[in-house]
There are 2 protein chains.
Amino acid sequence: MTQLKSFHHGDLKRVLFDVALARLDEHGASGVTIRAVAKDAGVSHGAPVNHYKDRRALLTALAKAQFDALLTGIDTRLAELDDDPGPRIEIIASAMMDFGFRYPHRYRLLWSADLIDHSDAEILSVMDSIYDRLCAEFSKAVPGRDFDKDTYAVALWSMLHGYVDMRLSGMFEPLNDSISGAPRGKAIIDLFKIFFE
Amino acid sequence: MTQLKSFHHGDLKRVLFDVALARLDEHGASGVTIRAVAKDAGVSHGAPVNHYKDRRALLTALAKAQFDALLTGIDTRLAELDDDPGPRIEIIASAMMDFGFRYPHRYRLLWSADLIDHSDAEILSVMDSIYDRLCAEFSKAVPGRDFDKDTYAVALWSMLHGYVDMRLSGMFEPLNDSISGAPRGKAIIDLFKIFFE
DNA sequence: ATTCGCATATAGACACTGTCAATATAATTG
DNA sequence: CAATTATATTGACAGTGTCTATATGCGAAT
């Protein structure tokens, strides 16, 4: 009598997370429904509530992990560089762009205020960290212009996010761009370098 | 016998649009459901299909009108200026920012690829027009830098959109900004002026 | 070792949702 | 006036999130 499946799943929370992430990548956030995720995990539609109190909590957990991944990606790449702020800013920028183009649905989820809880402490913490990375570089890099490092940080992050978000909406398609290495994305980053080079 | 309400509504399409816009402003796009709109309009839940074939069509109609309004706002403000590209670029930028902060849910709808049809010909046309307005100014304004007018246009629009979108997600709140006239939004625009002044 | 309690899973219900088909009504056209 | 067309109603169906009552099984305390 094979017991491939016991009543108590044992690791359901993890399975739910993995299944939800797979559905996010494939169908977007609208494809991540409690019932569909439960079905994919092989449990009843009521089971997930024990691990994620509602759909919002599940999506917030997904977003949290992606914010973490983004920050980790940035820090990993930064660790390979020396103190020169120019390349460091550039690597932060391309890390963010790469993430967005590689995982469009994950990226979109990060900014879906109606789907996730942006006041989540861990999410706020990661956002602050990313912001700090930018500020740290600009505090070293800014020449004698009339703006403080916060303005540069907000401006660069805004530009990166706006570019990725609009590209994910199908804009600028005729420009034949694809990822940060491609002409337009690269140009956007290069353009911003005027501020610190 | 007062006939406040005849079987044939007469102007239902307009009423549906108005009611939907009101719901959008108040509850966001998720509050614009076919059935709720029908209820507010005082008709049965099946009536709207005669005017908007599905929910996506209704939301696309809303978005279309808002894109139009944005373009009209830009052109109206531009008409009051002379040929100097600096102020003209600035007015385009603040028009977009103002729109986003004044009508957050409308702005968010414009970029909700999952809710509206971004391949709609009229919407594409308005987007092209907005893009053209930016390019036209940068073709007059760009100094001897290494980027073409398209790159400046994409970069500025990206920055504006990114800033508004992130602000609408609750970011940069501690900076105590509110609208384009306020410190941070103004600074973002001022910062970009480095490219053409 | 047995029993009790708690964590977890199930199953059913409810109120929503979008969308479709069948029907009813009114306006318009021939 | 009759017939066609446009428009609105009603009911159905499959989804959805979320709540409640119930069932199950693990682990810990007796």
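Naming convention: chains lettered A, B, ... in sequence-line order (proteins, then strands); numbering from 1 in each chain.
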**Study point:** Cation-aromatic face contact Arg167(A)/Phe101(A), 6.0 Å, 45 degrees
**Key:** yes
Practice item. Take atom CG of Leu12(A) and atom P of dA7(C), then tell me their distance rounded to the nearest Å. Key: 16 Å
Review point. Can Leu71(A) be reached from Leu81(A) by stepping across I, L, V, M, F, W or Y side chains whose heavy atoms are under 4.5 Å apart?
Key: yes
Review point. Parallel, tilted or perpendicular: which fits the ring planes of Phe172(A) and Tyr131(B), with parallel below 30° and perpendicular above 60°?
Key: tilted
Review point. Is any side-chain N of the basic residue among Asp165(B) and Arg108(B) closer than 4.0 Å to the acidic one's carboxylate O?
Key: yes
Review point. Between dG18(C) atom P and Arg35(B) atom CZ, what is the distance in whole Å?
Key: 7 Å
Review point. Can you check the Leu115(B) CG to dT17(C) P distance for me, whole Å?
Key: 16 Å
Check your understanding: If you take atom types as modelled and just measure distance, does the side chain of Asn50(B) reach the base of dA8(D) with a donor-acceptor pair under 3.5 Å?
Key -> yes
Point to revise | Among dT19(C), dA9(C), dT9(D), the one nearest Ile34(B) by side-chain distance | key: dT19(C)
Exercise for review: Measure from the side-chain heavy atoms of Thr33(B) and tell me the nearest of dA9(C), dG18(C), dG17(D).
Suggested key: dG18(C)
Review point. When we call it a touch if two heavy atoms are under 4.0 Å apart, what does Arg55(A) touch: a base, just sugar-phosphate, or nothing?
Key: sugar-phosphate
Review point. Under 4.0 Å between a Lys/Arg side-chain N and an Asp/Glu carboxylate O for Asp84(A) and Lys140(A)?
Key: no
Check your understanding: Of the nucleotides dA9(C), dT16(D), dT17(C), which one has an atom closest to the side chain of Ala47(A)?
Key -> dA9(C)
Check your understanding: For Tyr52(A) and dT8(C), what is the distance between atoms OH and P respectively, to the nearest whole Å?
Key -> 12 Å
Review point. Rounded to the Å, how far apart are His27(B) NE2 and dT17(C) C1'?
Key: 16 Å
Review point. Ser44(A) has a side chain; which of dT9(D), dT18(D), dA9(C) sits nearest to it?
Key: dA9(C)
Study note, to complete from the structure: From NE2 of His45(B) across to P of dA12(D) the rounded distance in Å is 11 Å
**Study point:** Interatomic distance, Lys53(A) NZ vs dC19(D) C1' [rounded to whole Å]
**Key:** 14 Å
Practice item. Provide, to the nearest angstrom, the distance between the NZ atom belonging to Lys39(B) and the P atom belonging to dT9(D). Key: 14 Å
